[in-house]
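Notes follow once the structure below has been shown.
No hydrogens, no waters, no symmetry mates; every other heavy atom, side chains included, goes into these values. These figures come from a predicted structure and were not determined experimentally.
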Amino acid sequence: MTPPLGFLGLGLMGLPMAVRLAEAGHDLVVWNRTPARAEPAVAAGARLAATPAEVLGQADTVLVMLADEAAVDAVLGRDTPAFPRLVAGRTIVHTGTGAAAWSAGLEADLRAAGGRYVEAPVSGSRTPAEEGTLVAMLAGDPADVARVRPVLAPLCARTVVCGPVPSALRMKFVVNTVLITLVSGLAEAWRLAAAHGLDPQLFAEVLDAGPMASAVSRTKLGKLLAGDFSAQAAIDDVLKNCRLVRDSAREAGAATPLMDACLQLFATAADLGLGAEDMIAVVREQAEVEPRWSGRPGRQ
């Protein structure tokens, strides 16, 4: 009998990913810190575990989509006596975003404990997760990556093998640089159009008709036109990613002036209480700070 597939973390991204895996027919066992969040996954056929240890005890491949490195370490019992027992013989697939050095250290610890590790950060937000059109960047031992790749098929339009850990996360940082600067520029253009009294619908029409249109610009313009700031990718998460990109760039000796400005922008938005809103809500933060923007250091 094929062992169940495990999933730890049912937040903004994890929940629709788990639902798709269950709907694809996987024998899926899931855990979330707030059990009520699991209801859509259970309705799709998943089984809810009471603890992460229960998931790790049943599944030999476990996908993890948690808020940060500390949360991943905690659910795996890393740096505790239970860690080897929990992960030995398991393949841990980290689908979130974390620091490259942390990920490399996690791989080393898992292998020392008899486990396996695949780095699999995904590019996309809540809607692509719901639609199964994420792009996964994979890194790890080639045999482990080959085993995990078919598991991700219900979630992804494409999976791309990037090499050894932490090359997938470094690729994610590069891709996020494009995403974050693009959305920040779109928000700034929206504010400029408003300052000139231009018709926002016409602005959206012109942008959408030209070569700069993309799935991201269309989605974010739709949210701006509707005044909908519900999170697909929340400002707090984007701020975390800004910092990861900055730290990765400093490690490589690369200059990132645009991302430095975006870090300031999203830090200020979080300070203003917009952290749970969608990243395009920086347009609201720009409206707040325009009179005092020059020279403001932000929270970095």
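In terms of modelled atom types and a separation under 3.5 Å, the side chain of Arg90 and the main chain of Val62 share no donor-acceptor contact. Remark: side-chain polar atoms of Thr95 are not paired, donor with acceptor, to backbone N or O of Pro121 under 3.5 angstrom. Counting only distance, with no hydrogens or angles, the side chain of Ser167 and the backbone of Cys162 share a donor-acceptor pair below 3.5 Å. Between the Ser217 side chain and the Ala213 main chain, no donor and acceptor come within less than 3.5 Å of each other. Asp278 contributes no side-chain N or O that, together with a main-chain N or O of Ala234, makes up a donor-acceptor pair within less than 3.5 Å. No donor-acceptor pair under 3.5 Å is formed between the side chain of Lys220 and the backbone N or O of Ala187. Side-chain N or O atoms of Arg37 include one that pairs as donor or acceptor with a backbone N or O of Gly11 at under 3.5 Å. Judged by distance alone, with hydrogens and angles left aside, the side-chain atoms of Lys223 form no donor-acceptor pair with the main-chain N or O of Ala281 at under 3.5 Å. Looking at Arg170, its side chain never comes within 3.5 Å of a backbone N or O of Ala100 through a donor-acceptor pair.
Residue Leu8 holds its CG atom at 5.5 Å from CG of Leu56, rounded to the nearest 0.5 Å. Residue Asp260 holds its CG atom at 8.0 Å from CZ of Arg246, rounded to the nearest 0.5 Å.
Under the 4.0 Å criterion applied to side-chain N and carboxylate O atoms, Arg218 and Asp208 are assigned as salt-bridge partners. We find that Asp141 and Arg147 are not joined by a salt bridge, their nearest charged nitrogen and carboxylate oxygen being 4.0 Å or further apart. Taking a cutoff of 4.0 Å between a charged side-chain nitrogen and a carboxylate oxygen, Glu119 and Lys172 do not qualify as a salt bridge.
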Quiz prompt | Audit row: Thr61, Arg116, side chain to side chain donor-acceptor pair (under 3.5 Å) steps and yes/no | solution = CA-CA 9 Å; Thr61 298; Arg116 296 174 294 273; over 6 Å; no
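The minimum heavy-atom distance between Ser103 and Leu169, with the atom names listed, is CB-CD1, 3.4 Å. The shortest non-hydrogen separation linking Leu28 to Gly6 is CD1-C, 4.3 Å. Scanning both residues, Val87 and Ala113, for their nearest heavy atoms gives CG2-CB, 3.7 Å. Considering every non-hydrogen atom in both Val151 and Pro154, the closest pair reads O-CD, 3.2 Å.
Among residue pairs with one or both ends in residues 16-28, those qualifying as salt bridge (charged side-chain N to carboxylate O under 4.0 Å, His left out) are Asp27-Arg47; sequence neighbours excluded. Residue pairs meeting the ring pair (Phe, Tyr, Trp, His ring centres under 6.0 Å) criterion with at least one member in residues 166-207, sequence neighbours excluded, do not occur. Within the structure, every pair that satisfies the ring pair (Phe, Tyr, Trp, His ring centres under 6.0 Å) test and touches residues 69-112, not counting sequence neighbours, is listed here: His94-Trp102. Annotation: salt bridge (charged side-chain N to carboxylate O under 4.0 Å, His left out) contacts involving residues 76-88, sequence neighbours excluded, comprise Asp73-Arg78, Arg78-Asp109.
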Could you pull out all donor-acceptor pairs under 3.5 Å where a side-chain atom in residues 122-134 meets a protein atom, sequence neighbours excluded?
from: Arg126; atom 1: NH1; to: Ala231; atom 2: O; distance (Å): 2.8
from: Thr127; atom 1: OG1; to: Gln232; atom 2: NE2; distance (Å): 2.7

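In this structure Ala49 satisfies the side chain to side chain contact (heavy atoms under 4.5 Å, CB included) test together with Val29, Glu54, Val55, sequence neighbours excluded.
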